[in-house]
Visitor: 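Before I ask anything, let me first share the structure, which is written out below as structure tokens.
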Amino acid sequence: MSIWLCYILNLLFSRTKMLEIFEFNIIKRAFLVVSFIAPLSPIFGIFLLFRKYAFFADTLAHVGFLALALSLFFKINSLVLLILLSIGVSISVEQLRAKDRLPAEGSLSFFLYSGVALSVVFITFSGSTGSIINILFGSLSTVTKEDVYLILSGAFVCGVFILKYYKKLISFCIDEELAHASGINVAVIKMLFATTVALSISISIQTMGALLIGSLMIIPPLIAMHICRSLKNTVIVSIIISLLSSYSGIFLSFYSGIPLGASISTILVVFFVISFIIKAFKFK
């Protein structure tokens with residue numbers, strides 16, 4: 001314990017040590033990527049919570065696990081496959097749900113467990129079992145220079161969608177029938193929403209990991225909803241918390257060796273606990 005304390009104090013009071021992180025290109029890419037991912041993830045998380053569909057994020061994350069496993073097996077670009085497979089499954093889930101062919105929970109469970117099972121099979125036969133930690137829990141080194149352009153492009157598409165359909169999304173996510181009655185083309189919005197959620201998860205999964213991407217989407221909104229009363233403030237606080245935890249997580253991951261997704265998620269859990277403590281003292 002004393003060794004860790006000395007190490008932390010040494011980092012805090014040594015400016016050179018703290019700034020050496022910015023000498024590495026992978027760290028610069030990580031900061032750039034999370035600057036775009038972190039604001040988008042909690043916004044989509046808010047809409048998923050409104051729809052009572054938070055499980056959707058976990059399902060697509062496990063499908064992303066399968067995509068990364070397939071990329072290892074076939075030795076192809078993982079991010080392109082990740083985006084295509086995630087969007088395909090996302091649209092399939094919405095189609096099955098809309099046509100009442102399968103219950104929403106049933107279709108999500110099917111794709112989730114199928115994704116995990118097939119991922120293990122392809123990773124085993126690829127001979128790259130050492131990569132499974134990075135896939136599951138994220139890594140500072142998994143995002144290549146080429147991936148950055150795809151991630152930024154995907155983030156731009158998601159951002160444009162949110163800005164253009166923000167009010168319609170609120171109506172759609174709160175009450176589909178009311179949104180339809182007010183003249184909103186629910187079928188189109190539903191498909192666009194499913195596609196952009198899949199895209200946002202796809203561009204985030206390499207840094208956060210397949211098991212932990214849901215934490216960046218769901219925990220910041222939960223914290224914000226706990227301390228805010230208006231939707232506007234909830235969105236703003238969610239984004240701030242997401243950015244703070246993501247930036248802090250990069251430092252924690254770099255200096256401790258903890259996978260990036262786990263570092264960010266741990267900080268989010270701390271924020272969540274703090275929000276409950278503040279709320280408890282506020283009402284005493």
Side-chain angles (χ1 to χ4, degrees), residues 29-30 32-51 53-68 78-94 108 111-112 115 135 138 142-143 147-166 168-170 172-173 188-222 224 234-235 238-243 245-246 249 260-261 264-265 268:
R29 286 199 294 269
L32 178 62
V33 166
V34 300
S35 295
F36 285 86
I37 289 172
L40 286 172
S41 294
I43 296 176
F44 280 109
I46 289 172
F47 291 131
L48 288 173
L49 288 171
F50 280 161
R51 291 195 76 196
Y53 217 32
F55 194 39
F56 189 52
D58 288 324
T59 299
L60 290 181
H62 285 77
V63 170
F65 183 22
L66 172 59
L68 292 173
S78 59
L79 188 54
V80 172
L81 180 61
L82 182 56
I83 291 171
L84 293 176
L85 187 59
S86 297
I87 291 175
V89 170
S90 181
I91 292 174
S92 298
V93 168
E94 285 295 346
L108 289 175
F111 284 112
L112 189 153
I135 294 173
T142 52
V143 179
D147 288 339
V148 171
Y149 297 110
L150 272 174
I151 291 171
L152 297 186
S153 300
F156 176 77
V157 171
C158 292
V160 169
F161 171 73
I162 290 173
L163 290 174
K164 185 173 181 179
Y165 294 101
Y166 182 74
K168 291 182 179 180
L169 279 171
I170 294 173
F172 159 71
C173 291
V188 173
I189 293 294
K190 188 182 293 184
M191 287 300 105
L192 289 175
F193 179 68
T195 301
T196 49
V197 169
L199 182 58
S200 68
I201 290 174
S202 300
I203 62 177
S204 308
I205 205 168
Q206 286 181 304
T207 52
M208 285 298 297
L211 290 185
L212 296 172
I213 179 57
S215 66
L216 192 63
M217 299 187 79
I218 303 302
I219 297 180
L222 288 178
T234 299
V235 172
S238 296
I239 292 172
I240 292 172
I241 291 170
S242 183
L243 284 168
S245 60
S246 297
L260 181 56
I264 295 173
S265 298
L268 283 171

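Position 1 is the first residue of the sequence; numbering continues from there.
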Visitor: Looking at residues at least two apart in the chain, or sitting in another chain, which of them share a side chain to side chain donor-acceptor pair (under 3.5 Å) with S265?
Guide: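 With neighbours one apart ignored, the set is S215.
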
Visitor: Who pairs with S246 by side chain to side chain donor-acceptor pair (under 3.5 Å), at least two apart in sequence or on another chain?
Guide: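 Expected list: none.
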
Visitor: What's the separation between atom OG in S90 and atom NZ in K190, rounded to the nearest 0.5 Å?
Guide: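 One gets 12.0 Å once the value is rounded to the nearest 0.5 Å.
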
Visitor: Only counting residues at least two apart or in another chain, list the ones meeting ring-ring contact (aromatic ring centres under 6.0 Å, His included) with F44.
Guide: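 Result, ring-ring contact (aromatic ring centres under 6.0 Å, His included) vs F44: none returned.
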
Visitor: Please name all residues satisfying side-chain contact (heavy atoms from CB on, under 4.5 Å) with S202, sequence neighbours left out, ordered by chain then number.
Guide: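 side-chain contact (heavy atoms from CB on, under 4.5 Å) list for S202, sorted by chain: L82, I83, S86.
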
Visitor: Can you list everything that forms a side-chain contact (heavy atoms from CB on, under 4.5 Å) with L49? Sequence neighbours excluded, please.
Guide: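 Expected list: A54, I218, P221, L222, M225.
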
Visitor: Can you list everything that forms a side-chain contact (heavy atoms from CB on, under 4.5 Å) with I189? Sequence neighbours excluded, please.
Guide: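 side-chain contact (heavy atoms from CB on, under 4.5 Å) check on I189 returns Y165, K168, L169, F172, I184.
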
Visitor: Using the side-chain hydrogen bond (donor to acceptor under 3.5 Å, both in side chains) rule, collect all pairs that involve residues 34-51, keeping only residues at least two apart or in two chains.
Guide: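 Only S35-Y247, R51-E94, R51-E176 qualify under side-chain hydrogen bond (donor to acceptor under 3.5 Å, both in side chains).
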
Visitor: Which pairs with one or both residues in residues 58-68 pass side-chain hydrogen bond (donor to acceptor under 3.5 Å, both in side chains), sequence neighbours excluded?
Guide: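 Counting only pairs at least two positions apart or across chains, no side-chain hydrogen bond (donor to acceptor under 3.5 Å, both in side chains) contact touches residues 58-68.
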
Visitor: OG of S92 to CG of L85: how many Å apart, nearest 0.5 Å?
Guide: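 Between S92 OG and L85 CG, I get 9.5 Å after rounding to 0.5 Å.
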
Visitor: Which label fits F161 and F193: parallel for a plane angle under 30°, tilted from 30 to 60°, or perpendicular past 60°?
Guide: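 The rings of F161 and F193 sit tilted, inter-plane angle from 30° to 60°.
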
Visitor: Test of understanding: with side-chain contact (heavy atoms from CB on, under 4.5 Å), list the residues that count as partners of L84, not counting sequence neighbours.
Guide: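 Result, side-chain contact (heavy atoms from CB on, under 4.5 Å) vs L84: V80.
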
